[in-house]
K.L.:
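After the structure tokens below, expect a handful of questions from me.
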Protein chains: 2
Amino acid sequence: MLPDQTLPREAADSRNGADAPRASTTRNGLKITTDRVNIREVAEQAKVSVATVSLVLNKSPRISRATSLRVQKTINDLGYQPNRLAQSLSGRYTYSFAILLPALRHAFADAYFGEIISGICDRAGKMGYKVILEQAKPQYIKDRKHVELFERRFVDGVLCAGFNDKHRFLADFGECKCPMVLVDNKVASMDHVVCDYRLGAEQALNAILQLGHRSVALIYAAPESQTARQVAEVYARKLADAGIPFDKALTEDGCFTDIGGAAAAEKLMKRRPDITAILANNDKMALGAIRYLQTSGRNVPKDVSIVGFDDLQHSAFANPSLTTVHLPLYEAGGLACERLLERVHGKIDRISENLPTHLVLRESTSLAPILSAAAESARQREPAPATPGSQRVGGHDDGNRG
Amino acid sequence: MLPDQTLPREAADSRNGADAPRASTTRNGLKITTDRVNIREVAEQAKVSVATVSLVLNKSPRISRATSLRVQKTINDLGYQPNRLAQSLSGRYTYSFAILLPALRHAFADAYFGEIISGICDRAGKMGYKVILEQAKPQYIKDRKHVELFERRFVDGVLCAGFNDKHRFLADFGECKCPMVLVDNKVASMDHVVCDYRLGAEQALNAILQLGHRSVALIYAAPESQTARQVAEVYARKLADAGIPFDKALTEDGCFTDIGGAAAAEKLMKRRPDITAILANNDKMALGAIRYLQTSGRNVPKDVSIVGFDDLQHSAFANPSLTTVHLPLYEAGGLACERLLERVHGKIDRISENLPTHLVLRESTSLAPILSAAAESARQREPAPATPGSQRVGGHDDGNRG
DNA sequence: TTCGTTTAGTAAACTGGTTTAACGGTTGAG
DNA sequence: CTCAACCGTTAAACCAGTTTACTAAACGAA
């Protein structure tokens with residue numbers, strides 16, 4: 001009622017310092033606090049200034065060991081924990097990253113993204129960072145919510161997976177100087193951490209060619225994606241090196257989905273029934289292709305061998321289990337996270353990491369049919385080149401080229 | 001140098017009001033602002049108070065239409081966006097939820113959790129909430145980081161998936177009055193949104209029994225989990241209703257994994273080679289079981305029928321494709337998210353939702369072997385009860401019991 | 001003894017919003 | 001023609017931290 005009843009904060013606080021015996025419930029005569037203990041109560045209790053408590057929290061060397069210990073004890077006694085909203089508001093960092101994925105149906109249920117996300121979350125957790133999940137739906141991009149992540153201080157950085165050249169909004173991050181790292185894809189000259197698809201393709205095709213296959217098809221996807229193009233390039237080159245001319249009829253888009261893979265396999269086999277091996281740009285399409293081949297009465301691997309890309313966890317439990325190029329997606333996620341943090345902390349070097357792949361030989365590949373009979377009769381002379389089972393074909397490939 | 005050079009904020013600001021022509025770069029004579037436009041600049045430009053801008057932002061009815069439009073225009077002109085750290089610090093909400101998962105290896109790569117996460121993220125996005133990802137590692141729980149999520153104001157609520165009775169830390173949320181909803185599991189009397197495992201088990205067993213199977217095994221997992229126990233209960237009851245006595249030798253723990261499922265199938269078949277049908281508590285174990293059966297020379301479904309639980313996306317592309325109980329995990333995630341928000345906004349009703357399942361008939365089930373021959377000769381009289389392919393066996397089951 | 005130089009700690013500005021009590025002006029009832 | 005009620009707006013307290021410029025005390029050297 002009286003106009004002078006509202007006192008400036010300092011006055012009210014000092015009055016409280018005299019009145020209240022231990023604080024923690026009532027703050028000044030007028031209002032009741034919201035239970036949680038804050039930095040001012042710690043300061044009061046420890047008989048130091050708020051600034052000192054803050055410096056202790058941030059391990060500043062300007063605080064003596066004695067004071068630091070005393071404040072630390074008060075912090076423990078009171079069970080004080082700093083409010084991170086206040087910390088981030090006045091401090092430099094939010095200690096959060098976002099993971100941005102394409103607007104696919106149930107995107108987070110995809111094992112490919114799942115591996116990347118797991119890698120990011122584990123590493124981020126170790127670095128003291130939280131991870132938030134975002135999906136780049138068309139409206140989301142139109143509203144520029146991806147830039148808003150930075151402008152409204154949701155995050156310090158963004159990790160993008162599953163995008164390619166046609167996703168023009170990726171350039172926005174660069175323009176706004178927002179730290180962003182692409183995971184397992186490259187676009188223009190943006191920062192990225194990728195699996196070595198070139199190496200993977202070499203490993204897959206070496207295996208296929210060594211098994212004697214000559215009619216080798218490729219189920220590709222998203223030619224807008226640099227990594228996908230690299231696989232196609234290596235496919236063409238490796239076949240050429242083996243004296244097999246490139247034939248467009250041997251390639252088909254599988255849209256990265258199992259249904260797409262099945263449809264692609266159908267088109268391929270109808271066009272070229274002589275195909276004995278198919279390389280697919282991911283495991284989903286490979287499993288889709290196997291599904292089609294089996295439905296259409298063919299045997300995998302006896303009639304047609306299949307090789308995938310990814311090495312998803314359930315590919316080992318397919319029937320037949322899938323021979324595939326293992327991509328270190330978990331590791332790529334973790335590394336991207338680490339590099340992103342360095343960037344946030346001011347490091348300006350371009351981020352461009354290439355992680356080696358390796359081939360996992362399982363049951364979906366075998367000798368080319370023509371060679372099978374020959375091998376049968378020749379068996380007494382030497383064993384078959386590849387024995388089934390899950391065996392890793394290791395490390396670096398020579399990768400010889402012109 | 002001079003002690004009186006540092007003026008109180010008001011003085012400095014008013015001085016700036018006279019000096020600076022349009023603000024936005026220099027704030028007072030002494031310091032340069034950090035580029036982003038804040039609410040005070042908007043207020044200045046619109047010639048209203050900061051409070052008014054805030055009220056306009058929050059669509060308070062106390063502001064006249066004219067003023068609101070004018071302020072809105074200034075906001076658009078300046079491209080102002082409120083800093084959400086400041087909003088959350090002074091406001092009531094953080095507008096963030098956490099998803100807490102168990103500390104499994106690469107937890108986010110699991111399609112089961114993926115479906116739930118997708119459901120949560122989509123719904124949270126629509127409600128204007130961000131979602132952060134957390135994993136309940138042992139050290140995490142020891143450090144009480146799960147409670148810290150609330151204490152340090154990271155989130156307004158938590159959604160937990162993949163836990164059961166033995167995860168005692170779940171009780172901490174209740175004690176601290178922290179809004180938490182369990183997704184697809186029940187523990188004690190905590191708030192939850194679950195799939196109706198009882199109904200699902202009925203649907204699966206109805207199908208199995210109708211196909212004439214009498215030796216039906218169960219691959220269960222996590223008996224600490226209420227939903228898992230429900231499936232086991234319905235399994236025992238349904239068999240009893242069909243005059244088949246319960247036999248512990250027909251049940252085996254599969255640990256929810258594909259490897260565990262394969263191992264369980266092996267133990268079961270060695271103990272009871274007469275088994276002709278197996279119900280597994282999730283798709284992973286079902287696929288693992290199929291894998292073992294095929295490796296050991298049996299045909300699925302001719303020798304043994306398999307039914308799973310989950311209906312993960314890739315189960316339709318297995319060979320044979322999996323007959324399974326579809327769990328509305330995506331929907332459960334979304335609904336849990338919605339209920340959690342209501343709870344955060346003060347609604348106190350207990351949250352207990354049960355979402356109906358349905359059976360998806362695919363290729364991994366067929367007539368019991370004994371009946372197959374009989375059906376063959378009887379074919380001219382009536383068709384086989386179930387035709388293969390992916391057909392949904394709809395809606396609610398009668399679920400008759402004592 | 002006196003004058004720099006550390007050292008340890010603090011007051012106060014600062015981050016950018018929300019919210020509440022109050023205020024001046026207009027309107028309606030008595 | 002008052003007085004009360006209402007309406008739109010605002011000043012200032014408030015959320016809970018970080019950071020900077022300053023100061024008092026202790027120290028060492030001249």
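No hydrogens, no waters, no symmetry mates; every other heavy atom, side chains included, goes into these values.
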K.L.:
Between A:R36 (side chain) and B:E151 (backbone), is there a donor-acceptor pair under 3.5 Å?
P.N.:
yes
K.L.:
At under 4.0 Å, does any side-chain N or O of A:S90 touch on OP1 or OP2 of D:dT18?
P.N.:
no
K.L.:
Reckon B:T67 touches a base, only the sugar-phosphate, or nothing at all at heavy-atom distances under 4.0 Å?
P.N.:
sugar-phosphate
K.L.:
Hey, which of A:D191, A:L170, A:I99 is the one that makes side chain to side chain contact (heavy atoms under 4.5 Å, CB included) with A:C160?
P.N.:
A:L170
K.L.:
Round to the nearest Å and state the distance from A:N58 atom CG to D:dG17 atom P.
P.N.:
11 Å
K.L.:
Rounded off to whole Å, could you give me the CZ-to-C1' distance for the B:R40 and C:dG17 pair?
P.N.:
7 Å
K.L.:
On the nucleotide D:dG17, are OP1 or OP2 found under 4.0 Å from the side-chain N or O atoms that A:Y80 carries?
P.N.:
yes
K.L.:
Figure out the CG/P separation between B:L55 and C:dA22, and round it to whole Å.
P.N.:
17 Å
K.L.:
Closest approach to the side chain of A:R62, judged atom by atom: which nucleotide of D:dG17, D:dT9, D:dA21 is it?
P.N.:
D:dA21
K.L.:
I want to confirm an ordering. Mapping A:N83 and B:S49 to their closest nucleotides on DNA chain D, which one lands closer to the 5' end?
P.N.:
B:S49
K.L.:
Verify the contact: side-chain N or O of B:T52 to OP1 or OP2 of D:dT10, cut-off strictly under 4.0 Å; return yes or no.
P.N.:
yes
K.L.:
Looking at every heavy atom in both B:C176 and B:V147, which two are closest together, and how far apart are they?
P.N.:
SG-CG1, 3.7 Å
K.L.:
Closer than 4.0 Å, any side-chain N/O of B:Y93 to the OP1 or OP2 of D:dC15?
P.N.:
no
K.L.:
Would you indicate, yes or no, if D:dA16 has its OP1 or OP2 atom less than 4.0 angstrom from a side-chain nitrogen or oxygen of A:N38?
P.N.:
yes
K.L.:
So if I take every side-chain heavy atom of B:S54 and compare against D:dA16, D:dA11, C:dT18, which nucleotide ends up nearest?
P.N.:
C:dT18
K.L.:
Quick one: label A:V50 by what it contacts on the DNA or RNA (base, sugar-phosphate, nothing), any heavy atom closer than 4.0 Å.
P.N.:
base
K.L.:
Considering only C:dA8, C:dT18, D:dT18, which nucleotide approaches the side chain of B:L57 most closely?
P.N.:
C:dT18
K.L.:
What integer distance in Å separates B:E41:CD from C:dC14:P?
P.N.:
14 Å
K.L.:
Indicate yes or no: does B:K73 engage B:D77 in a salt bridge with an N to O separation below 4.0 Å.
P.N.:
yes
K.L.:
When you measure from the side chain of A:R92, which nucleotide among C:dT10, D:dT19, C:dT18 comes out closest?
P.N.:
D:dT19
K.L.:
Starting from P on D:dT18, measure out to CZ on A:R84 and report it in whole angstrom.
P.N.:
13 Å
K.L.:
What's B:S64 touching, base or sugar-phosphate or nothing? Going by heavy atoms closer than 4.0 Å.
P.N.:
sugar-phosphate
K.L.:
For B:R70 and D:dT9, give me the distance from atom CZ to atom P, rounded to whole Å.
P.N.:
8 Å
K.L.:
Tell me the interatomic distance from B:E44, atom CD, to D:dT10, atom P, rounded to whole angstroms.
P.N.:
14 Å
K.L.:
CD/A:E134 to CG/A:L149 distance, rounded to the nearest 0.5 angstrom?
P.N.:
5.0 Å
K.L.:
What is the nucleic acid contact for B:L89, judged by heavy atoms within less than 4.0 Å: base, sugar-phosphate only, or nothing?
P.N.:
base
K.L.:
What nucleotide, of D:dT18, D:dA12, C:dT10, holds the atom closest to the side chain of B:A51?
P.N.:
D:dA12
K.L.:
To the nearest Å, give me how far apart CD1 (A:I63) and C1' (C:dT7) are.
P.N.:
11 Å
K.L.:
Do you know which of A:Q87, A:R153, A:H345 makes side chain to side chain contact (heavy atoms under 4.5 Å, CB included) with A:Y93?
P.N.:
A:H345
K.L.:
Would you indicate what A:L85 reaches in the nucleic acid, counting non-hydrogen atoms under 4.0 angstrom: base, sugar-phosphate, or nothing?
P.N.:
nothing
K.L.:
Below 4.0 angstrom from OP1 or OP2 of C:dT18, is there any side-chain N or O of B:Q87?
P.N.:
yes
